Structure formats: structure tokens, C-alpha cells
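Presented below is the structure to which this report refers.
Predicted model only: the values in this text are computed from it and were never measured. The sequence lines fix the lettering, A, B, ..., with proteins before strands; numbering per chain opens at 1. Atom set for the values below is all heavy atoms of this structure, side chains included, hydrogens, waters and symmetry mates excluded.
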2 protein chains.
Amino acid sequence: MTALSASSGTRDGNASVRVADALRDAIVAGDFPPGSRIRQEEIAERFGASRVPVREALKMLEADGLVTLRANAGAWVSRLSLDECDEVYQTRERVEPLLLRLSAPHLDAEALDRLERLAEQMAQTTEIEEFLRLDRDFHWSSYAGADTLVLGDLVRRLWSTTQPYRRAYTRLIDAHSQRIVHDEHHMIVTALRDGDIEAGERVVEGHIRRTRRLLAQHPEVFTAASTTP
Amino acid sequence: MTALSASSGTRDGNASVRVADALRDAIVAGDFPPGSRIRQEEIAERFGASRVPVREALKMLEADGLVTLRANAGAWVSRLSLDECDEVYQTRERVEPLLLRLSAPHLDAEALDRLERLAEQMAQTTEIEEFLRLDRDFHWSSYAGADTLVLGDLVRRLWSTTQPYRRAYTRLIDAHSQRIVHDEHHMIVTALRDGDIEAGERVVEGHIRRTRRLLAQHPEVFTAASTTP
DNA sequence: AGTGTTGCGATTGGATGCAATCGTGTCGTA
DNA sequence: TACGACACGATTGCATCCAATCGCAACACT
């Protein structure tokens with residue numbers, strides 16, 4: 001999952017989106033921590049392309065909010081202030097319940113079993129990256145029923161921009177808080193099994209809000225966040 | 001407001017964002033109706049630039065959801081299906097009340113007077129473009145207090161993608177529906193004056209939902225929408 | 001007559017090269 | 001020694017040029 005070299009094969013016709021996807025994955029994976037500079041030529045060499053598709057990729061990622069561009073200066077991985085991060089989380093509180101609502105009717109028993117399994121696996125994991133991956137998997141699986149284009153992309157974007165802080169935050173929470181996360185996940189599954197969409201929406205909303213509140217209590221995350229596996 | 005030729009002056013350092021802004025304005029203004037093809041060279045000539053910044057602009061607008069790119073084929077102005085439009089409106093129902101909540105505390109008496117004035121002007125206008133402009137002005141003025149970066153951009157994007165349909169819809173509504181719109185606008189102002197944020201949120205939500213419902217009753221808007229002033 | 005195929009024009013995608021701009025280290029001066 | 005001006009290297013931004021791909025039309029074949 002840790003974006004390795006894409007090597008060659010320049011034949012498909014869209015190198016810019018490949019660069020964009022790879023760079024996005026790399027940023028989300030933590031290879032480029034927030035605030036780090038992105039040099040066009042470095043990326044171009046890393047992914048075996050010219051600077052033109054790299055710049056197009058950067059424009060896309062800028063629109064995603066993942067990188068910040070300054071004219072004639074360069075590109076940096078976006079660094080969110082505490083207020084901005086709080087804002088994104090408030091937005092997620094409003095939007096993700098809707099996404100769950102649109103998804104819920106299309107989730108069959110098999111999908112719910114899968115959710116249950118993911119929740120169980122999370123409860124037995126202490127590895128941070130594994131925890132993050134499972135958490136992401138869980139929520140995205142719960143949203144998988146929505147064949148939406150716009151809203152899905154929107155939420156994906158919100159997740160991407162906050163991923164570095166979610167990682168840093170995960171390092172901070174104690175066993176008790178983790179337990180609450182798992183309970184909430186199980187409550188989501190239960191609500192979905194009962195077909196009680198309202199309840200599911202409320203749990204998701206509270207789930208995100210609680211994370212937001214806890215993040216606000218750790219401002220140190222937003223001053224200097226570094227990640228090196 | 002109808003994006004004329006930007007002529008020359010290529011000295012500022014960022015031609016791609018200028019092209020992006022101009023093209024976005026042109027699309028929102030209706031110069032390029034949904035589904036119409038966008039040829040790179042045509043845009044390049046129109047704005048006095050090369051194809052490279054045009055392509056970067058197109059990538060940005062694609063991330064905005066305004067244009068749709070197909071590899072090795074070209075770019076088209078995004079055409080929303082009824083379902084997708086409905087989805088965007090549902091998203092707006094959730095997000096814009098939040099934006100109003102973040103904005104409300106920073107709106108002073110002068111700003112509220114301005115809102116009142118805009119609502120009055122709208123009530124006395126029959127011109128469609130003027131109506132749209134005032135409506136946009138009204139809502140954005142109500143959101144102006146929020147110094148948010150992410151959420152503001154997000155809502156701006158949602159407005160942009162739905163603008164063509166809002167225009168087509170405006171042509172369809174009768175005097176009675178218009179009256180309701182104005183009443184709702186006044187209710188928003190009243191709620192803001194009273195400092196009753198909850199009430200304001202509810203009105204905005206209902207305001208958008210009602211528009212969504214009415215749009216869903218006019219599927220013909222989504223089959224063939226053409227606009228020529 | 002209908003359908004699959006092949007070739008050409010038009011358009012997009014990407015690499016290279018050059019001008020403009022920004023950062024930074026050095027030097028000169030008070 | 002502290003501060004400002006200047007020049008150089010590094011990096012970005014853009015235009016031009018070439019290759020790859022797609023759409024479309026004419027053609028051949030069953």
C-alpha cells in the first residue's frame with residue numbers, strides 16, 4: 001500500500017492522473033509530512049515523467065486541498081491549522097451521515113458481516129498503521145453502497161486532507177478511547193442491521209464529533225507533526 | 001460579469017489560474033452550456049495563452065467537478081443527471097446551514113441591512129440573470145462572516161456545479177414559488193437579527209430542500225438544457 | 001444492404017528548451 | 001557588528017515541437 005515506484009509502461013495515455021494518484025497516496029501514507037516542500041523535478045524523476053504532468057497533478061491536488069501552491073515559489077504539502085482541521089471535522093459531521101444514509105439501503109448481509117469483521121480486527125490491533133487502514137476500510141465499506149459520484153469524492157477529499165492529523169491523533173489516544181471507537185463501530189453495524197438509518201446517522205455524527213473534540217485538546221499536533229516509519 | 005477577453009498582460013506569473021478563473025466564470029455564466037465540448041486550442045486563443053496553462057486549468061476545473069475529462073478524447077462541461085443534482089442539493093442542505101452557523105456571529109448590523117436590501121431587490125426583479133445574481137449575492141453575503149477556507153471553497157464548488165440547473169429552474173418557477181423564496185430570505189434575515197442560529201439553519205435547510213424537490217419535478221431540465229442570452 | 005475494417009485528419013498528451021522570478025549567500029557600508 | 005544592496009544559482013512558468021490516440025468517413029467484404 002506504500003506507493004512504490006510505478007516504473008515505466010508509459011502507454012496508457014494518462015500519466016498526469018497516475019502521478020496525481022501516486023502522489024496523493026504518498027502524501028496520505030505519510031511519506032510527505034505536512035509542510036514539506038514538493039519539488040517538481042524530484043517528483044518527475046520519482047515517477048518517471050516530465051514536469052508537465054507533475055504540474056497538472058499538483059493543480060489537481062491543490063484543488064483537493066492536499067497541496068498548497070504559491071506562484072513562482074513552489075508547492076508544499078498543506079498544513080492545516082487547528083481551526084481548519086476543526087472545520088473539516090465539522091463538515092464531516094454533517095456530510096458523512098448523509099453518505100451513510102444513501103449507502104445503507106444497498107448494503108446486504110454479506111457487507112454487514114464484513115463490517116463486523118473489520119470492527120473485530122480493529123479491536124485486536126495495536127499497530128497504528130494497521131489501525132488506520134482498518135478504520136478507513138470500515139468506514140468506506142459502510143459507505144460502499146452509495147453509488148454516488150459527487151458526495152463520495154467530496155468525503156474522500158475530506159479524509160485525505162485530515163489523514164496526517166488522524167495518524168498523529170491515533171498515537172495519542174489511550175486504551176479507553178480506543179474502546180469507545182470500537183463500541184461506536186459496533187453501534188453503527190447494529191443500526192445498519194436494524195435498518196435504523198436515523199440511529200446510524202447519529203452514531204456517525206457523534207463518532208466524528210468526539211474525534212474532533214479530542215483533537216482540539218491536543219494542539220501540539222498542529223505545531224510540529226513529523227512521521228517517519 | 002460575462003467574462004470578456006482578458007487580453008494580454010502576461011506578467012503576473014500565473015496564467016493558468018487566470019484561465020481557470022475566467023473559464024469557470026464563463027461556464028457559470030452560461031457561455032458554455034453543460035455537455036458542450038471544450039477544445040484546448042480554442043480556450044488558449046480566447047484567453048491569449050498556450051495550451052499548457054489551459055490544460056492545467058482544465059485539471060483544476062475537473063477537480064471542481066465543473067468539467068469532465070476523458071483521456072485522449074477531450075473535455076466537456078459536466079452534465080449532471082437528475083440523481084447527481086439531487087445529491088448535490090442534499091449535500092448543500094447539510095453543509096450550508098453549518099456555514100451559516102460559522103458566519104452568523106460575525107455579521108454586524110450593517111451586513112444584516114445589506115441582506116435585507118438584497119432580499120428587497122430580489123422581490124422586485126423579474127429579470128432572470130438579475131434574479132440569479134441577487135440570489136447568489138444574498139446567500140454569499142450571509143456566509144461572508146465565516147473566515148473559513150475549506151468549507152467556503154466547498155460550498156462555492158457546489159454552487160458552481162449546480163448553477164446551470166438553477167438557471168434553468170429559475171425560468172420555470174411561478175410567481176407563487178418566487179414569493180416563497182423571498183419569504184424564506186426574509187426569515188433568514190430575521191433569524192440572524194434575533195441571533196437564533198438554530199432557526200437560521202433550519203430555514204436555509206428547508207430553503208434548499210424545497211428547491212431540490214421542485215427541481216426533481218422538472219426532469220426535462222436534465223435532458224436538454226441550452227442557454228443563449 | 002448491412003457490417004467490419006482500414007486509413008487519414010484532428011486533437012490531445014508529453015518532453016524539451018528558454019525566459020522570468022524567487023531565495024539565499026556574499027559583499028559593501030555605516 | 002549590524003544592516004541593506006546585489007548578484008548568482010535554483011526553481012518555477014510558459015511556449016513550441018513531436019508522438020500517440022481517437023473520431024470519422026470511405027471502402028471492402030459477406
Side-chain angles (χ1 to χ4, degrees), chain A residues 5-24 26-27 32-79, chain B residues 5-24 26-27 32-79:
Chain A
S5 67
S7 72
S8 62
T10 319
R11 194 69 50 82
D12 34 16
N14 49 358
S16 63
V17 300
R18 208 185 56 240
V19 171
D21 289 343
L23 188 52
R24 186 190 347 258
I27 292 176
F32 297 86
S36 62
R37 177 159 187 186
I38 299 177
R39 250 168 273 266
Q40 294 178 1
E41 205 140 5
E42 180 188 332
I43 304 298
E45 190 186 14
R46 176 165 174 165
F47 295 119
S50 169
R51 276 175 42 223
V52 173
V54 170
R55 299 197 40 211
E56 294 175 1
L58 287 176
K59 296 289 184 183
M60 291 190 270
L61 268 54
E62 184 196 25
D64 280 6
L66 265 179
V67 306
T68 303
L69 267 54
R70 266 179 46 205
N72 292 322
W76 287 262
V77 177
S78 292
R79 182 201 298 277
Chain B
S5 67
S7 72
S8 62
T10 319
R11 196 66 51 81
D12 34 16
N14 50 357
S16 63
V17 299
R18 209 185 56 237
V19 171
D21 289 344
L23 188 53
R24 186 187 352 253
I27 293 175
F32 297 86
S36 62
R37 178 158 184 187
I38 299 176
R39 250 167 273 267
Q40 294 179 1
E41 204 139 8
E42 179 188 332
I43 304 299
E45 191 186 14
R46 176 166 174 164
F47 295 118
S50 168
R51 274 176 46 222
V52 173
V54 170
R55 295 186 45 203
E56 294 176 2
L58 287 176
K59 296 289 186 184
M60 291 190 269
L61 267 54
E62 184 196 26
D64 280 7
L66 265 179
V67 306
T68 303
L69 268 53
R70 266 179 45 207
N72 291 323
W76 288 263
V77 177
S78 292
R79 182 200 299 278

Of the candidates C:dA15, C:dG14, D:dT12, the side chain of A:E56 sits closest to C:dG14
Starting at CD of A:E41 and ending at P of C:dT16, how long is that distance when rounded to a whole Å? 10 Å
Distance below 4.0 Å between A:S50 side-chain N/O and C:dG14 OP1 or OP2: no
Can you tabulate the close N/O pairs, meaning under 3.5 Å, that link protein atoms to atoms of nucleotides 6-9 of chain C?
none

Name the nucleic acid region contacted by B:I38, choosing base, sugar-phosphate or nothing; use a 4.0 angstrom heavy-atom cut-off, strictly under. sugar-phosphate
Euclidean distance, atom CD1 of residue A:I43 to atom P of D:dT11 [Å, nearest integer]: 13 Å
Distances for protein N/O vs nucleotides 22-24 of chain C N/O pairs under 3.5 angstrom?
{"unit_1": "C:dC22", "atom_1": "O4'", "unit_2": "A:N72", "atom_2": "O", "d": "3.4"}
{"unit_1": "C:dG23", "atom_1": "OP1", "unit_2": "A:R70", "atom_2": "NH2", "d": "2.7"}

Determine whether B:F32 and B:L23 make a side-chain contact, defined as any pair of heavy atoms from C-beta on separated by less than 4.5 Å. yes
Return the value, rounded to whole Å, for the distance between atom CE of B:M60 and atom P of D:dG13. 11 Å
Taking CZ from A:R18 and C1' from C:dG13, how many angstroms apart are they, rounded to a whole number? 12 Å
For residues 57-70 of chain B, which side-chain donor-acceptor pairs fall under 3.5 Å, sequence neighbours excluded?
{"unit_1": "B:K59", "atom_1": "NZ", "unit_2": "A:S16", "atom_2": "OG", "d": "3.0"}
{"unit_1": "B:D64", "atom_1": "OD2", "unit_2": "B:R24", "atom_2": "NH1", "d": "2.3"}
{"unit_1": "B:T68", "atom_1": "OG1", "unit_2": "B:S78", "atom_2": "OG", "d": "2.9"}

Minimum-distance pair of heavy atoms, taken over all atoms of A:P34 and A:R79: O-NH2, 3.8 Å
Starting from C1' on C:dT12, measure out to NZ on B:K59 and report it in whole angstrom. 10 Å
Output the single nucleotide from C:dG13, D:dT12, D:dA15 whose closest atom is nearest the side chain of A:R39. D:dT12
Which residues share a side-chain hydrogen bond (donor to acceptor under 3.5 Å, both in side chains) with B:S50, sequence neighbours left out: none
Can you say whether a donor on the side chain of A:R51 sits under 3.5 Å from an acceptor on the base of D:dG13, or the other way round? yes
So, taking the atom named CZ in A:R39 and the one named CD in A:E45, what distance separates them when rounded to the nearest 0.5 Å? 13.0 Å
For A:A75, which contact category applies under a 4.0 Å heavy-atom criterion: base, sugar-phosphate, or nothing? nothing
With heavy-atom distances below 4.5 Å as the criterion, would you say the side chains of B:E56 and B:V52 are in contact? yes
OP1 or OP2 of D:dG13 sitting under 4.0 Å from any side-chain N/O of A:Q40? yes
List for me each residue that meets salt bridge (Lys or Arg N to Asp or Glu O under 4.0 Å) alongside A:R51, sequence neighbours excluded, and say none if there are none. none
Shortest non-hydrogen contact from B:G35 to B:W76? O-CD1, 3.3 Å
Of the listed nucleotides D:dC14, C:dG13, D:dA15, the one nearest the side chain of A:R55: D:dC14
